[in-house]
Amino acid sequence: MSLPLIADLRRRAARLNRRIVLPEGDEPRTIAAVATILAEGIARPTLLGDPEKIRATARTLGVTLPASVALIDPARADRTGEFAAELFNHRKAKGLTHEAARGLIAMPLYYGGMLLRRGE
């Protein structure tokens, strides 16, 4: 992509002010990307994973995560049960059990997928 096109995409994204969900919240590359997203005002990030690990990685990188960055641990989130029930209902015809749905939704990729499915 050319630089003017990338700059245009960044300006358009900033105008939309959308929330983005990043499932690998404690990965250094993800946190570095969040620092750029925040600095450029591109979007409102949500990081999935253990908040303590996320904060520790951010500190190691010298990145300050403001309170506006939501940190959600899918394994301990208030909505895990609700999301697991919805996943079960969506996939029960394919043999997914309630227990398996609870296990899957505790994983960041599945939890993030449910946020996306719900438009959140």
Side-chain angles (χ1 to χ4, degrees):
M1 284 189 171
S2 69
L3 290 178
L5 180 58
I6 291 171
D8 183 53
L9 288 172
R10 286 179 169 166
R11 278 191 299 277
R12 289 180 17 208
R15 273 196 310 270
L16 292 172
N17 192 32
R18 296 283 172 100
R19 176 160 299 284
I20 59 169
V21 177
L22 302 163
E24 297 171 331
D26 62 352
E27 290 293 319
R29 290 184 312 174
T30 301
I31 295 189
V34 166
T36 300
I37 289 165
L38 292 170
E40 296 183 18
I42 294 171
R44 296 174 291 126
T46 294
L47 294 171
L48 300 181
D50 179 341
E52 289 308 314
K53 286 184 180 177
I54 293 169
R55 287 186 194 101
T57 303
R59 275 191 302 274
T60 300
L61 297 173
V63 173
T64 300
L65 296 175
S68 63
V69 176
L71 305 178
I72 300 173
D73 185 348
R76 295 183 189 94
D78 294 339
R79 300 174 69 193
T80 299
E82 172 189 347
F83 284 7
E86 186 171 336
L87 180 61
F88 167 74
N89 286 326
H90 182 67
R91 302 292 305 258
K92 65 185 173 187
K94 295 187 179 199
L96 186 68
T97 65
H98 282 285
E99 186 176 317
R102 277 190 289 277
L104 289 173
I105 213 66
M107 299 168 66
L109 284 173
Y110 281 88
Y111 194 92
M114 189 59 68
L115 288 171
L116 180 65
R117 176 180 168 85
R118 291 172 148 229
E120 297 177 26

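Along the sequence shown, residues are numbered consecutively beginning with 1.
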Search all heavy atoms of [X] against all heavy atoms of [Y] and return the closest pair with its distance.
X    : Y    : value
G25  : T30  : CA-CG2, 4.3 Å
A101 : L87  : O-CD2, 4.0 Å
A84  : I105 : CB-CG2, 3.7 Å
P45  : A43  : CD-O, 3.3 Å
T80  : P74  : OG1-O, 2.6 Å
L48  : P108 : CD1-O, 3.3 Å

Rounded to the nearest 0.5 Å, what's the gap from [atom1] on [X] to [atom2] on [Y]? Could you check?
X    : Y    : atom1 : atom2 : value
T36  : I31  : OG1   : CD1   : 12.0 Å
L109 : M107 : CG    : CE    : 7.0 Å
E40  : R11  : CD    : CZ    : 11.0 Å
M114 : L116 : CE    : CG    : 10.5 Å
L65  : R55  : CG    : CZ    : 8.5 Å
E52  : T57  : CD    : OG1   : 11.0 Å

Share the residues that join F88 in a hydrophobic cluster, the rule being Ile, Leu, Val, Met, Phe, Trp or Tyr side chains under 4.5 Å apart at the heavy-atom level. none
Can you find a heavy atom in the side chain of T46 that is under 4.5 Å from one in the side chain of I72? yes
For the residue pair V34 and V63, establish whether any side-chain heavy-atom pair is separated by less than 4.5 Å. no
Non-neighbouring partners of N89 that pass side chain to side chain contact (heavy atoms under 4.5 Å, CB included), sequence neighbours left out: K92
Hey, any chance [X] and [Y] share a hydrophobic cluster, counting ILVMFWY side chains that come within less than 4.5 Å of each other, even indirectly?
X    : Y    : answer
I37  : V21  : no
L22  : L9   : no
L104 : L115 : yes

What pairs of residues pass the side chain to side chain donor-acceptor pair (under 3.5 Å) test when at least one of them lies in residues 100-120, not counting sequence neighbours? R79-E120, E82-R118, E86-R117, E86-R118, H90-R117
Taking everything shown except R91 itself, do over 12 heavy atoms lie less than 6.0 Å from its CZ? no
Has N17 got more than 12 heavy atoms of other residues, nucleotides or ligands less than 6.0 Å from its CG? yes
Between R76 and D73, is the closest basic N to carboxylate O distance under 4.0 Å? yes
